[in-house]
Amino acid sequence: MLDWQQQLAGVLAVAGWLAVLAAAAIRLRRRWDAEANPGRREWSRKLVHIGTGLVVPIAWGMGIAREIALPAATLVTLLAAVNHRFRVLPAVEDVGRHSYGTVAYGAAITVLLWACWPDHAATATAGVLVMAVGDGLAGLLGPVWSSPSWAVLGQRRSLLGTGVMAAASSLVLALLASLAGGPAWPALVGIALAATLLEQVGVAGVDNLTVPLGVAWLWQTLA
């Protein structure tokens, strides 16, 4: 039987975090006008991208049950699809290219919760955090400083952004393994490199789906 007081506390913690995140994204978007600062156009979106990933470890730490986590993730994914279509919260979808990244991100979290929660919560957390922190920081820092770049299926990738993705992914995985157990460090480096390769192919935001699922599968296989 579920401890409803614990579940309510967990839901309130997650809802509170998401509310703070949404407010911060809106404020950031207003602070950095997209027309006046095109290089900072995606800052609010990346803030949401990174912050949303923290929902999974919060839910894990609060002991949120599958019966609550899975329907909630499904609902958020549907809301992301509606927002993608109608731009109710432009700060979440302020991107200068055609992308279903936010919807794919929500779908990835939903699939991982369905497949892993709560017995393999570390697996789901690994997949989500690599995407949230690794890809999020790469998207933030990559455009800030110029570095050699290339195109993969029409999507621009830079040496700096790729390096940040690999380093941040390795750090996140190593930290998670030290706290919850997991693959040995050589495997962790391999998973981070695999995530970095998957992130290279980001047509229409598909990497927001392939990276979390790929990382989670490798984590579970190599643990």
Side-chain angles (χ1 to χ4, degrees), residues 5-65 68-110 112-113 117 121 124-125 127-144 161 164-165 168 172 175 205 207-209 211-212:
Q5 288 185 335
Q6 178 186 359
Q7 297 305 307
L8 179 59
V11 169
L12 291 176
V14 170
W17 171 248
L18 290 177
V20 170
L21 194 60
I26 292 171
R27 182 173 179 82
L28 185 62
R29 187 174 188 269
R30 290 174 179 171
R31 174 66 178 83
W32 298 115
D33 180 69
E35 297 297 329
N37 300 278
R40 296 165 180 168
R41 179 171 182 168
E42 291 192 45
W43 280 21
S44 62
R45 185 172 182 266
K46 288 301 181 182
L47 174 64
V48 173
H49 181 95
I50 295 171
T52 299
L54 299 180
V55 166
V56 175
I58 291 173
W60 184 14
M62 297 295 293
I64 295 181
I68 295 175
L70 187 54
T74 303
L75 177 60
V76 170
T77 303
L78 292 175
L79 292 176
V82 171
N83 189 60
H84 177 81
R85 176 66 179 82
F86 297 105
R87 296 299 197 272
V88 180
L89 289 175
V92 179
E93 288 289 348
D94 195 8
V95 55
R97 60 188 182 280
H98 183 67
S99 174
Y100 293 95
T102 53
V103 182
Y105 194 17
I109 294 175
T110 302
L112 289 175
L113 292 179
W117 202 263
T125 302
V128 173
L129 285 185
V130 164
M131 190 65 216
V133 179
D135 179 75
L137 289 179
L140 276 178
L141 300 178
V144 174
V164 169
M165 173 69 182
V172 164
L175 180 61
D207 55 322
N208 282 6
L209 182 65
V211 170

request  = Check side chain to side chain contact (heavy atoms under 4.5 Å, CB included) between A65 and all other residues, then give those that pass, not counting sequence neighbours.
outcome  = L2, Q7, E67
key: Under the side chain to side chain contact (heavy atoms under 4.5 Å, CB included) test, residues paired with V56 that sit two or more places apart   = I109, W117, T125, V128
Work out which heavy atom in [X] is nearest to a heavy atom in [Y]; give both atom names and the distance.
X    : Y    : value
P143 : A138 : CD-O, 4.0 Å
Q6   : M62  : NE2-O, 3.1 Å
L209 : A104 : CD1-O, 3.9 Å
S44  : A25  : CB-O, 3.4 Å
G53  : A132 : CA-CB, 3.6 Å
V103 : A81  : CG2-CA, 3.7 Å

remark   = When rounded to the nearest 0.5 Å, the distance separating CG of L28 from CZ of R45 is 14.0 Å
key: Gap separating the CH2 atom of W17 from the OG1 atom of T52, nearest 0.5 angstrom   = 9.0 Å
For residues [X] and [Y], determine if any side-chain heavy atom of one lies less than 4.5 Å from a side-chain heavy atom of the other.
X    : Y    : answer
D135 : K46  : yes
V144 : L140 : no
P212 : V130 : no

inquiry  = So does Y105 get a backbone contact from the side chain of N208, meaning a donor-acceptor N/O pair under 3.5 Å?
reply    = no
inquiry  = Has H49 got a side-chain atom pairing as donor or acceptor with M131's backbone, closer than 3.5 angstrom?
reply    = yes
message = Can you tell me which residue among I50, L47, V55, L54 is in a side-chain contact (heavy atoms from CB on, under 4.5 Å) with L21?
response = L47
Per-pair distances, 0.1 Å, donor-acceptor, side chain in residues 68-79, under 3.5 Å, sequence neighbours excluded:
from: T74; atom 1: OG1; to: L70; atom 2: O; distance (Å): 2.9
from: T77; atom 1: OG1; to: A73; atom 2: O; distance (Å): 2.8
from: T77; atom 1: OG1; to: G106; atom 2: O; distance (Å): 2.9
from: T77; atom 1: OG1; to: T110; atom 2: OG1; distance (Å): 3.1

